[in-house]
Amino acid sequence: MFDEVRYERLKAETHPTIKQFIHLIESHCHEQRGITFYANKINVSEQKLTYLIFQNFNVSPVDILRLFLIKEILDKLATTDLRLKELTYTFGFKSQSNFTKFIRTYTVSHPAGIEH
């Protein structure tokens, strides 16, 4: 299920490294899903990034990346007229079934039921 509270807490984070990580996720979550990309951009090791995230939020960087991706997808579904097929490729999924499965796994809804 999408965690709005955790999302808002992350957006308000003040630790400089975590803040950079969040900013990069917001800019690149469509095409970059690997933590190595973000760690390299911030100039820290994956281990250091994972440690910082876990210490502050008790989740992994991948969980945070997934949270922001879900938020982005939900916003697009609610505010655009793009079809599921178009959104599938916009968000870098290889097939519509993978996209739908991803949405169902993390929101307990079918994307068609979320559309406006």
Side-chain angles (χ1 to χ4, degrees):
M1 191 83 134
F2 179 72
D3 188 344
E4 187 75 37
V5 173
R6 180 170 280 152
Y7 176 81
E8 292 302 328
R9 185 169 166 236
L10 284 161
K11 294 283 290 177
E13 180 58 43
T14 59
H15 188 286
T17 302
I18 297 174
K19 198 171 184 167
Q20 273 186 290
F21 177 61
I22 300 303
H23 177 72
L24 286 168
I25 286 176
E26 290 175 323
S27 302
H28 299 284
C29 69
H30 294 121
E31 68 275 351
Q32 296 294 332
R33 306 256 171 80
I35 298 309
T36 303
F37 169 83
Y38 298 100
N40 288 341
K41 287 284 191 188
I42 299 168
N43 259 348
V44 297
S45 69
E46 286 182 60
Q47 292 81 10
K48 173 80 172 179
L49 183 59
T50 300
Y51 175 80
L52 282 171
I53 298 294
F54 195 80
Q55 287 298 109
N56 285 281
F57 298 100
N58 204 31
V59 295
S60 74
V62 172
D63 293 330
I64 291 176
L65 180 59
R66 198 176 295 129
L67 178 72
F68 275 79
L69 184 59
I70 288 291
K71 175 66 171 158
E72 195 69 35
I73 290 169
L74 292 175
D75 287 349
K76 286 279 190 218
L77 283 168
T79 61
T80 67
D81 291 329
L82 292 175
R83 304 177 83 205
L84 285 178
K85 187 174 183 177
E86 295 166 314
L87 287 171
T88 296
Y89 297 106
T90 298
F91 286 98
F93 288 85
K94 297 203 183 316
S95 72
Q96 190 170 328
S97 66
N98 286 345
F99 179 71
T100 301
K101 186 176 180 181
F102 180 80
I103 298 298
R104 278 187 184 174
T105 300
Y106 297 105
T107 66
V108 194
S109 297
H110 188 281
I114 300 170
E115 293 175 307
H116 66 288

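Basis for what follows: all heavy atoms, side chains included, without hydrogens, waters or symmetry-related copies. Residue numbers count from 1 along this sequence.
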Taking every non-hydrogen atom, the tightest pair across Ile53 and Val59: CG2-O, 3.2 Å

Do Val62 and Phe54 share a hydrophobic cluster (ILVMFWY, side-chain heavy atoms under 4.5 Å, transitive)? no

Going through the checks in order, is the side-chain contact (heavy atoms from CB on, under 4.5 Å) test met by Phe102 and Arg66? CA-CA 10 Å; Phe102 180 80; Arg66 198 176 295 129; 3.7 Å; yes

Specify the closest pair of heavy atoms between Ile18 and Leu52, including all atoms of both residues, with the distance to one decimal. CD1-O, 3.9 Å

Side-chain donor/acceptor pairs under 3.5 Å, residues 35-47, sequence neighbours excluded:
residue: Thr36; atom: OG1; partner: Glu46; partner atom: OE2; Å: 2.6
residue: Tyr38; atom: OH; partner: His28; partner atom: O; Å: 3.4
residue: Tyr38; atom: OH; partner: Gln32; partner atom: O; Å: 2.6
residue: Asn40; atom: ND2; partner: Thr36; partner atom: O; Å: 3.3
residue: Ser45; atom: OG; partner: Lys48; partner atom: N; Å: 3.0

For the residue pair Leu77 and Leu84, establish whether any side-chain heavy-atom pair is separated by less than 4.5 Å. yes

Report yes if the side chains of Ile64 and Ile22 come closer than 4.5 Å at any heavy-atom pair, otherwise no. yes

Residues in ring-ring contact (aromatic ring centres under 6.0 Å, His included) contact with His30, at least two apart in sequence or another chain: Phe91

So is Arg83 actually on top of Tyr89's ring, under 6.0 Å and inside 45° of the axis? no

Does Glu86 have any salt bridge (Lys or Arg N to Asp or Glu O under 4.0 Å) partners at least two apart in sequence or in another chain, and if so, which? none

If hydrophobic clusters are built from ILVMFWY residues whose side chains come within less than 4.5 Å, do Leu49 and Tyr51 share one? no

Report the C-alpha separation of Asp63 and Phe57 in whole Å, then their side-chain angles, then the decisive distance to 0.1 Å, and conclude whether the side-chain contact (heavy atoms from CB on, under 4.5 Å) test is met. CA-CA 10 Å; Asp63 293 330; Phe57 298 100; over 6 Å; no

